[in-house]
Amino acid sequence: MKKVAIIAPLALVGCATAPPSTDAFVSSTVAPVVVVDKRPNIIFIMSDDHAQTAISAYGTEIGKIAPTPNIDRIARNGAVFENSYVTNSLCGPSRATMLTGMFSHMHGFTKNGQAFDNASWNWVRELGNSGYQTALFGKWHLNYSPEGSGIQTWAVLDDQGKYYNPDIITPKGRQVIEGYATDITTDLTIDWLTHQRKTDQPFVLMMHHKAPHRNFMPAIRHIQKYIGTEFPIPTNYFDHYDGRPAAAAQEMTIAQDMYEGHDLKMTTKEGSGELRFNPWTDDFDRMTPAQREAYFGALQPSNDAMNSADMSAREMAIWKYQRYMDEYLGTVAAVDESVGRVLDWLERSGEMDNTIVVYTSDQGFYLGEHGWFDKRFMYEQSLRTPFLMQYPGHIPAGSRVEAPIQNIDYAATFLDYAKLPPRAEIQGRSLRAAAEGPPPADWRDAIYYHYYEYVRGPGNHAVSAHYGIRSDKYKLIRFYGHVNAWEFYDLASDPDEMHNLIDDPAMQSQIDAMKRHLADLRIHYRDNSGPAVAEPLASPAAMARGQRDAEGAAGLHHH
Ligand code: SGN
Ligand code: CA
């Protein structure tokens, strides 16, 4: 039977999961015709902790040394969003925001470790209900599995996911799949596209990689890719955090806090394969002997050279930075190949022109700026997240979008492209106009951010809760709970955010204006968690409330 699109997609809403009604057949003297829902497919590719600075389409220094040619294809085919930000720079909260279009305090998932209510509204289920086929492969990390989320087909990594031989959870249970997580996630994706996709329905396909998340393990084929490459050391790698008490109190430096064995795969002495500090052995224990041999064998020469060199503390800090970059960017190489495989599939299948492809991450990441790895802070490298989107014929090829966007915008965007009505609860706005031409005249001129999770101890980085506002020129942040302090940056003169100007007399009128704007945004987004903007830092009420909200963010507006 010949399939021809003959009616507007909206006419199908609500009935597409049912077999085509007899109305869908039009008598014709030529051939019977069946209705096809021609709304665009959506492929939503997300990695975990991928900094904009590690994507060549963003025009970065690292991108010149470690390019991402396949992610860059999306930029060439469509748009790079130059000012793309998260709302809370942490995995679980970001994912919940992406699914619901709401800030953390509205969807209730403020910190990792909370359980997301899969029954909450999410845009993927909504598109599924309207006739889309939906699938998710890779990292979920909102709770055990997407069961009950309305996503029709899924196979997910367990929790944070393992790089080698990961546990994969499906509706049928859990199994270990031998191989490399990024490749397995891509194989599942391509297999679904090739064998399970129904050609008479549009689809939403989510491919969520674990990489380049800690503990930064590249595929065997990439383990040596950047060893010996000299990456430029960020100018503020040896930051002293003067005037920035929250930054001074963190536990996320490459030099001191990264685990020498588990993260950096450093050995104890020349000629030995024994790892330095490696508190969680499972990531390596689960590798096959052949994988272990190939992986650690490849690192042995540079580990031996490191152990035999007599390095100063400063030289060692730089060596660790270089090793971190080798590994982090090594994991990105497989992510980039994965994007290439998906784009190749689109070209081969002829679906390219009818498919929106997004590449993003759950948040950005520090690649040595301020001496750090990890994220959480409202400083640029972790506040920013990559966002590239193509839709040939609709989004102009090679465009650069300046309008500030946030991950609250994705749900509204996909409803819009799927020709579904907007939803009042969504706090973001559709990116369609900004992607296809100039943004609406009343587009936001500043973004709001709120981070909640303060945890000390291994792997949690001790970042104080904070909220703030970023405009194109300035950034104002209020830390509360553990460190109580305001920070203010002039982003044009101080893009590295090294000089907190909160007490600078010349800046007081700008600071007051930003405080008013911040208070308005908190009202606009209905966030009254944490101390109010107007409450003095050291007032007992502000301190008590800050402490309570920082520690008990779990209880915020949960619904
Ligand atoms: C783990 C990591 C942390 C990381 C969090 C959150 N420690 O706890 O370094 O900040 O995940 O990451 S680890 O030693 O267990 O790897 S997130 O992307 O899930 O938010
Ligand atoms: Ca993450």
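Numbers here are sequence positions counted from 1. Side chains are part of it too, since the values below use all heavy atoms of this structure and drop only hydrogens, waters and symmetry mates.
Between Leu383 and Arg470, the shortest heavy-atom distance links the atoms CD2-CD, 3.9 Å. Taking all atoms of both residues into account, the shortest heavy-atom contact from Pro166 to Leu157 is CB-CD2, 3.6 Å. A pairwise comparison of heavy atoms in His466 and Met378 identifies NE2-N, 3.0 Å as the closest pair. Scanning all heavy atoms of the two residues, the minimum distance from Ile71 to Tyr359 falls at CD1-CZ, 3.7 Å.
Rounded to the nearest 0.5 angstrom, Gln406 CD and Arg444 CZ are separated by 5.5 Å. A distance of 10.0 Å separates CE of Met306 from CG of Leu299, quoted to the nearest 0.5 Å. One distance of note links CD of Glu497 with CG of Asp239; it measures 11.0 Å at 0.5 Å rounding. Once rounded to the nearest 0.5 Å, the distance linking OG of Ser84 with CZ of Arg384 reads 8.5 Å. Atom-to-atom distance recorded for Leu99:CG and His107:NE2 is 9.0 Å, nearest 0.5 angstrom. Taking CE of Met514 as the reference point, atom OH of Tyr474 lies at 8.5 Å (rounded to 0.5 Å).
Relative ring orientation between Phe81 and Phe387 is described as perpendicular, the plane-to-plane angle rising above 60° on a 0-90° scale split at 30° and 60°. Using cut-offs of 30° and 60° for the angle between ring planes, the Phe296 and Phe284 rings count as perpendicular. Ring pair Tyr324/Tyr328 is perpendicular by interplanar angle, where above 60° counts as perpendicular and below 30° as parallel. Taking the six-membered ring for Trp and thresholds of 30 and 60 degrees, Tyr379 and Phe479 have ring planes inclined between 30 and 60 degrees apart. In this structure, Trp372 and Tyr366 have perpendicular ring planes: the angle between them is above 60°, well past the 30° mark.
Residues satisfying the ring-ring contact (aromatic ring centres under 6.0 Å, His included) test with Tyr144, not counting sequence neighbours, are none. The ring-ring contact (aromatic ring centres under 6.0 Å, His included) search around Phe103 returns His105, Tyr448, Tyr525, not counting sequence neighbours. A search for ring-ring contact (aromatic ring centres under 6.0 Å, His included) contacts involving Phe238 returns nothing, not counting sequence neighbours. With sequence neighbours left out, the side chain to side chain contact (heavy atoms under 4.5 Å, CB included) criterion links Thr235 to Asp496. A search for side-chain hydrogen bond (donor to acceptor under 3.5 Å, both in side chains) contacts involving Tyr451 returns Arg376, not counting sequence neighbours.
Look at Asp49 and Lys210 and you find no salt bridge, because none of the NZ, NE, NH1 or NH2 atoms lies under 4.0 Å from a carboxylate O. Salt bridge Asp326/Lys225: absent, no basic N to carboxylate O contact under 4.0 Å. A salt bridge between Lys473 and Asp490 is absent, with no side-chain N of the basic residue lying under 4.0 Å from a carboxylate O of the acidic one. Using a cutoff of 4.0 Å between basic side-chain nitrogens and carboxylate oxygens, Lys162 and Asp282 are scored as salt-bridged. Between Lys475 and Glu487 no salt bridge is recorded (no basic side-chain N to carboxylate O distance below 4.0 Å). A salt bridge does not link Arg323 with Asp263: none of the charged nitrogens is closer than 4.0 Å to a carboxylate oxygen. Between Arg276 and Glu260, at least one side-chain N (NZ, or NE/NH1/NH2) sits under 4.0 Å from a carboxylate O, which counts as a salt bridge. Between Arg214 and Asp374, none of the side-chain N atoms (NZ, or NE/NH1/NH2) sits under 4.0 Å from a carboxylate O, so this pair counts as no salt bridge.
In this structure, Val339 and Ile45 have side chains that are in contact, with non-hydrogen atoms separated by less than 4.5 Å. In this structure the side chain of Ile65 reaches within 4.5 angstrom of the side chain of Phe231, judged on heavy atoms.
Residue pairs that meet the salt bridge (charged side-chain N to carboxylate O under 4.0 Å, His left out) test with at least one member in residues 87-110, sequence neighbours left out, are Asp48-Arg95, Arg95-Asp362.
No more than 12 heavy atoms of other residues, nucleotides or ligands sit less than 6.0 Å from atom CZ of Arg314. When the shell of 6.0 Å around CD of Gln300 is examined, it contains more than 12 heavy atoms from other residues, nucleotides or ligands.
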Side chain to side chain contact (heavy atoms under 4.5 Å, CB included), that's the test. Do Arg429 and Thr413 meet it? Break it down for me. CA-CA 7 Å; Arg429 297 178 64 174; Thr413 304; over 6 Å; no

Set out, in order, the CA-CA distance, both residues' side-chain angles and the distance that settles ring-ring contact (aromatic ring centres under 6.0 Å, His included) for His222 and Tyr180, then state yes or no. CA-CA 11 Å; His222 295 137; Tyr180 184 65; 7.8 Å; no

ring-ring contact (aromatic ring centres under 6.0 Å, His included) between Trp280 and His262: does it pass, once the steps are laid out? CA-CA 7 Å; Trp280 298 293; His262 182 253; 5.5 Å; yes

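One side chain, Asn307 or Thr267, offers a donor N or O that lies under 3.5 Å from an acceptor on the other. At a cut-off of 3.5 Å, with distance as the only test, no side-chain donor of His450 or Ser104 sits close to an acceptor on the other residue.
A cation-pi arrangement, defined by a distance under 6.0 Å to the six-membered ring centre and an angle within 45 degrees of its axis, is present between Arg522 and Tyr467.
Just one residue in the list Cys91, Ser47, Ser94 forms a side-chain contact (heavy atoms from CB on, under 4.5 Å) with Ser361, and that residue is Ser47. Put simply, the residue from Thr97, Thr87, Thr385 that forms a side-chain hydrogen bond (donor to acceptor under 3.5 Å, both in side chains) with Asn407 is Thr87.
At least one donor-acceptor pair closer than 3.5 Å links the side chain of Ser464 to the backbone N or O of Val483.
Outside the 6.0 Å centre-distance limit, the rings of His209 and Phe137 are not counted as a close aromatic pair.
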